Amino acid sequence: MIEIKNITRSRAQESSAAIERMYITMRHLFNRGFYKPMGVSGDTLREALLSLRPEIYGSIAGDKVELSGLLYVIERLPIGIEECRFINLTSDEGYSRSHFKAIVPPKRKRNCYRIDEEQMNVEITRGRSDIYDILTHLTFIFIESHKIKNAVLLDDSGELTRDWYKLEQAVMQTKKLTQIEKEKAVSHLSHILGRSFAEVLDIYDAFAIAEKPDRFLHVIYWLGKLALEEVLQNNKRTITFSPILRERLGHHIHGEIWATNIKEVLKDHNLLNRPIHVISANMHSVMNSIFATTVLKTKFKEKSDMFIFEELSRSGADEVRSKVEVVAKEAGMISLPDSSGTNIDVQIFDTAKIDWKKTAFPTAKIDADAPVIIVMDYAFGEQAYETIDELLKPFQIEKDRKVLLNVESVSIMGKAGILQGGKGDIMIPSAHINEGTADNYSFENELTPEMFEGNDIAVFGGPMVSVLGTSLQNKDLLKFFHDSTWGVIGLEMEGAYYQKAIQSASKIRKSINPNVKVRYAYYASDNPLETGSTLASGGLGTTGVKPTYLITIKILEQIFNVK
């Protein structure tokens, strides 16, 4: 008789199962229309997140409040959300025409509206990934809020610690705290959070905003206060999904408006029949790569091109940035700020109007049929499929007349997590693997690792994984992807969705050239396998400038036939 072995699951398998549970649960809760995150309906989501223990959320499974993870999340949620018991996720339902003032989180483009003292409305116009992102962030802060509650609640009768009352006194002050008052409050706060005085002091100012220098105290107080009310008064926080959001999601409504706007502009400027190159990047690197070095050469004499790019990337460099933008517009650049709700701005470059001698590409070889470059800002997760899918569709000019776009290439440049190497390194993917599904997309990348050698930046080539959300990754799962035969070099959120849209348009629908060229390149924003190098450890600063411009220039050299 064959002995049956005890089968145990690895941490990578447990993590994979937890992500799958979260994915299914979030879709179920969305279809249901509402749930209470810290009630029975939120159990599965909380348990899955605690089982997963993502790197970005640090000590989520411990008793101490996680400070770096909390800062990362708070920067991506609207100011004041910690005070709200009711959070309503909506579509674009006309609040922009009301007296409500839009609140836009510092690190995430989404319009939010404070309806009253208890309710915050959050507009979801970027697809399902936006919902997964906000639900995991909210689950995290609610778990942390109950840690605060556990630290200050002495018994079931509602008796609270002295530290809590002292924190309340500090929060209720209307004026900015003096240094002595701040340090007293930090002392009480450190007891509540289970962190040292130095740890709390170090992160205190990172939460501050101009109108609320002591915002950290407010965030902790309100998170704890609502958690106490949940337990003592049974006032559960509730997340709802508006009927219109549930009706619209998945139907490409915002993506279709966005793509139609672009095609209308192409038509108005007689550019519809010209060769088109689509680039997904930020709103400055293509424009600066073409025009900045010649526009600013007198201001920055004897300085390298990379020095100029770094200066343009610094905060407060509005004056020099606007100089470049003015010249770009004179040379035919059309700027299209988003009005569709996708939060994806666009620039269109008509290369026929560019005087190449006044650019960084004086040897550009442009055919008589000069190409048109469409630069689109970064999409978010599944939104990448919605936008590119709509953009690559034929344009309906009249009732019985459609125009196929002459798309010659699609280039994607973005940030990603790296699994070997560090911040600022470059990744050149050979395939995209869609995490949680059997989908995988191999392609011939026009960019190769060899093209980037000799620039003092490490370059890696290989498959990359498109993840459900960067906030859902943990070391065990990423280690499996990296060490196994998958050989994954990095993770990002959009690659598989871009390639899915490109392949369906070129190979199945035949709406664009079947031999369309694709270029993918990413620079590392973090290494989630290294403690202290996750996204929660802070931004790239100027580290990302060099790889951003190296990638942009290589893309443009291919489009402009520069050898």
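Values in this document were obtained by computation on a predicted structure and should not be read as measured data.
- Closest of all the heavy-atom pairs between Ala61 and Leu50 is CA-CD2, 4.0 Å.
- Residues forming a side-chain hydrogen bond (donor to acceptor under 3.5 Å, both in side chains) with Asp202 (at least two apart in sequence, or on another chain): none.
- Listed by chain and residue number, Tyr221 satisfy the ring-ring contact (aromatic ring centres under 6.0 Å, His included) test with Trp164 (two or more places apart in sequence, or in another chain).
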Donor-acceptor contacts, no H, no angles, side chain residues 213-220, under 3.5 Å, sequence neighbours left out:
unit_1, atom_1, unit_2, atom_2, d
Asp214, OD1, Tyr204, OH, 2.8
Asp214, OD2, Leu177, N, 3.1

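- Take Tyr165 and apply the side chain to side chain contact (heavy atoms under 4.5 Å, CB included) test, not counting sequence neighbours, and it matches Leu160, Glu168.
- Residues passing the side-chain hydrogen bond (donor to acceptor under 3.5 Å, both in side chains) test with Asn121 are Tyr95, Gln119, sequence neighbours excluded.
- Glu183 and Gln179 are linked by a side-chain donor-acceptor pair at a separation below 3.5 angstrom, with hydrogens and angles left out of the test.
- Of all heavy-atom pairs spanning Gly414 and Tyr378, the tightest one is CA-CE2, 3.8 Å.
- Shown here are the ring-ring contact (aromatic ring centres under 6.0 Å, His included) partners of Phe309, two or more places apart in sequence or in another chain: Tyr549.
- Around atom NZ of Lys212, more than 12 heavy atoms belonging to other residues, nucleotides or ligands sit under 6.0 Å away.
- Residue Ile180 places its CD1 atom among 12 or fewer non-hydrogen atoms of other residues, nucleotides or ligands, all under 6.0 Å distant.
- Residues passing the side-chain hydrogen bond (donor to acceptor under 3.5 Å, both in side chains) test with His432, sequence neighbours excluded: none.
- Results of the side-chain contact (heavy atoms from CB on, under 4.5 Å) test with Pro105 over Arg110, His137, Glu75 single out Arg110 as the only residue that passes.
- Here Glu211 pairs with Ile209 under the side chain to side chain contact (heavy atoms under 4.5 Å, CB included) rule; sequence neighbours left out.
- Taking all atoms of both residues into account, the shortest heavy-atom contact from Ile551 to Met413 is CG2-CG, 3.2 Å.
- Here the CH2 atom belonging to Trp258 is positioned 10.5 Å from the CG atom belonging to Asp345, to the nearest 0.5 angstrom.
- Partners of Thr342 according to the side-chain hydrogen bond (donor to acceptor under 3.5 Å, both in side chains) rule, which considers only residues two or more places apart in sequence or in another chain, are Asp338, Ser340.
- Heavy-atom neighbours of Asp63 CG from other residues, nucleotides or ligands within 6.0 Å: at or below the threshold of 12.
- A side-chain N or O of His482 and one of Gln420 form a donor-acceptor pair less than 3.5 Å apart.
- Arg76 forms a cation-pi arrangement with Tyr72, by the criterion of a distance under 6.0 Å to the ring centre and an angle within 45° of the ring axis.
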| Under the salt bridge (Lys or Arg N to Asp or Glu O under 4.0 Å) criterion, do Asp476 and Lys479 qualify, and how do the steps go? | CA-CA 5 Å; Asp476 304 288; Lys479 208 167 179 338; over 6 Å; no

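- Listed by first and then second residue, the ring-ring contact (aromatic ring centres under 6.0 Å, His included) pairs involving residues 22-42 are Tyr23-Tyr132, Phe30-Phe241 (not counting sequence neighbours).
- The side chain to side chain contact (heavy atoms under 4.5 Å, CB included) test applied to Ala208 returns no partner, not counting sequence neighbours.
- The side chain to side chain contact (heavy atoms under 4.5 Å, CB included) test applied to Val231 returns His146, Lys149, Leu153, not counting sequence neighbours.
- The CE atom of Met493 lies 10.5 Å from the CD atom of Glu435; values are rounded to the nearest 0.5 Å.
- No more than 12 heavy atoms of other residues, nucleotides or ligands lie within 6.0 Å of CH2 in Trp486, so this atom counts as exposed by the packing criterion.
- Heavy-atom contacts from other residues, nucleotides or ligands closer than 6.0 Å to CD of Gln233 number more than 12.
- Around atom CG of Asp116, more than 12 heavy atoms belonging to other residues, nucleotides or ligands sit under 6.0 Å away.
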